[in-house]
Amino acid sequence: MTRRLAYLLVPLLLAVAGCTGGTEEPAGPAPATRAERPSPFADCAPLTAAPPSGTAPSGAPGDPLPDLALSCFTGGAPVNVRDIKGPAVINVWASWCPPCRKELPAFQRLSERAGGRFQVIGVNSRDSRGGAQSIGEDFGVRFPMLVDQGDAFERALGRNAFPLTVLVDADGRIRHTDSTGALDDARLAELVRTHLGVRL
């Protein structure tokens, strides 16, 4: 009787302890790993289409944007910087750069005030994806963001400065490069008026 009881209890005890030898699939989907947060930045696809009412002067001397492909923070096909349609204001920044963090909200406000007359584009350089994501979320940055994991864009421009702002005319030629430090709303409005011919 005792032996018979043991034969009945052992499978029951093993099942309760989770020690079954079967190879059953777990019920339901596997628990999700940490979900990837959606990007705060806009898609880059429109960057190669001219703004609907671009009014920046053209025909003036200036170097073209570099022939360089950069990834978009939101994914999709890489964007060749030379194919970006101006007028545009390009801000090169990194999350570890205090002046960059200081001026990013002004660039977001500039993108909101652009009204289709020019594009505001970010180039996140020498940074981690997590750092850029956090800053974008914290500061409400929504304009399109290219990713330069090294410093290829700056090297192509012959610059090594953070932050760096590049103003590009309707022909895709560089009208001005600014590396004077954190820019505020007034200084950005002045640069856009002087080099792109747009009054805000």
Do you know the tightest heavy-atom contact between [X] and [Y]?
| X | Y | answer |
| --- | --- | --- |
| F118 | A88 | CB-N, 4.4 Å |
| F162 | A94 | CE2-CB, 3.8 Å |
| R117 | R199 | NH1-O, 2.8 Å |
| Q119 | K85 | NE2-O, 2.7 Å |

Heavy-atom distance under 4.5 Å between the side chains of [X] and [Y], does that happen here?
| X | Y | value |
| --- | --- | --- |
| V166 | T177 | yes |
| V89 | T165 | yes |
| H176 | L191 | yes |
| E154 | L164 | yes |
| C44 | L146 | yes |
| V92 | N124 | no |
| I121 | F143 | no |

(request) Could you list the residues that satisfy side-chain contact (heavy atoms from CB on, under 4.5 Å) with A182, not counting sequence neighbours? (result)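 Only P99, K102, E103 meet the side-chain contact (heavy atoms from CB on, under 4.5 Å) criterion with A182.
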(request) Not counting sequence neighbours, which residues clear side-chain contact (heavy atoms from CB on, under 4.5 Å) with P66? List them please. (result)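 P66: side-chain contact (heavy atoms from CB on, under 4.5 Å) contacts with L68, V81, F153, A156, L157.
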Quick one: pull up [atom1] in [X] and [atom2] in [Y] and give me the separation to the nearest 0.5 Å.
| X | Y | atom1 | atom2 | answer |
| --- | --- | --- | --- | --- |
| R175 | H195 | CZ | NE2 | 8.5 Å |
| T194 | L167 | OG1 | CG | 9.5 Å |
| I135 | M145 | CD1 | CE | 11.0 Å |
| R126 | D148 | CZ | CG | 8.5 Å |
| R187 | D178 | CZ | CG | 5.0 Å |
| L65 | D171 | CG | CG | 11.5 Å |

(message) I'd like to know if the side chain of D67 pairs up with that of N80 as donor and acceptor (distance under 3.5 Å, no hydrogens or angles considered).
(response)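 Yes, a side-chain donor-acceptor pair sits under 3.5 Å.
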(request) Would you list the pairs meeting disulfide bond (SG atoms under 2.5 Å apart) in which at least one residue belongs to residues 142-200, sequence neighbours left out? (result)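 Sorted pair list comes back empty.
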(request) Sort and list the pairs that fulfil disulfide bond (SG atoms under 2.5 Å apart) and have at least one residue in residues 85-192, not counting sequence neighbours. (result) C97-C100
Under 3.5 Å, is there a donor-acceptor pair between the side chain of [X] and the main chain of [Y]?
| X | Y | answer |
| --- | --- | --- |
| S125 | G150 | yes |
| R101 | S95 | yes |
| D169 | R173 | yes |

(request) Sequence neighbours left out, what pairs pass ring-ring contact (aromatic ring centres under 6.0 Å, His included) with at least one residue falling in residues 63-82? (result) F41-F73
Sequence neighbours excluded and cut-off under 3.5 Å, please list the side-chain donor-acceptor pairs for residues 106-114, or say none.
| residue | atom | partner | partner atom | Å |
| --- | --- | --- | --- | --- |
| Q108 | OE1 | R142 | N | 2.7 |
| Q108 | NE2 | E112 | OE2 | 2.9 |
| R109 | NE | D185 | OD1 | 3.0 |
| R109 | NE | D185 | OD2 | 3.2 |
| R109 | NH2 | D185 | OD2 | 2.8 |
| S111 | OG | Q108 | O | 2.7 |

(request) Evaluate the side chain to side chain contact (heavy atoms under 4.5 Å, CB included) criterion for residues V147 and D127: first the C-alpha distance (whole Å), next the side-chain angles of each, then the deciding distance (0.1 Å), finally the verdict. (result) CA-CA 9 Å; V147 178; D127 206 353; over 6 Å; no
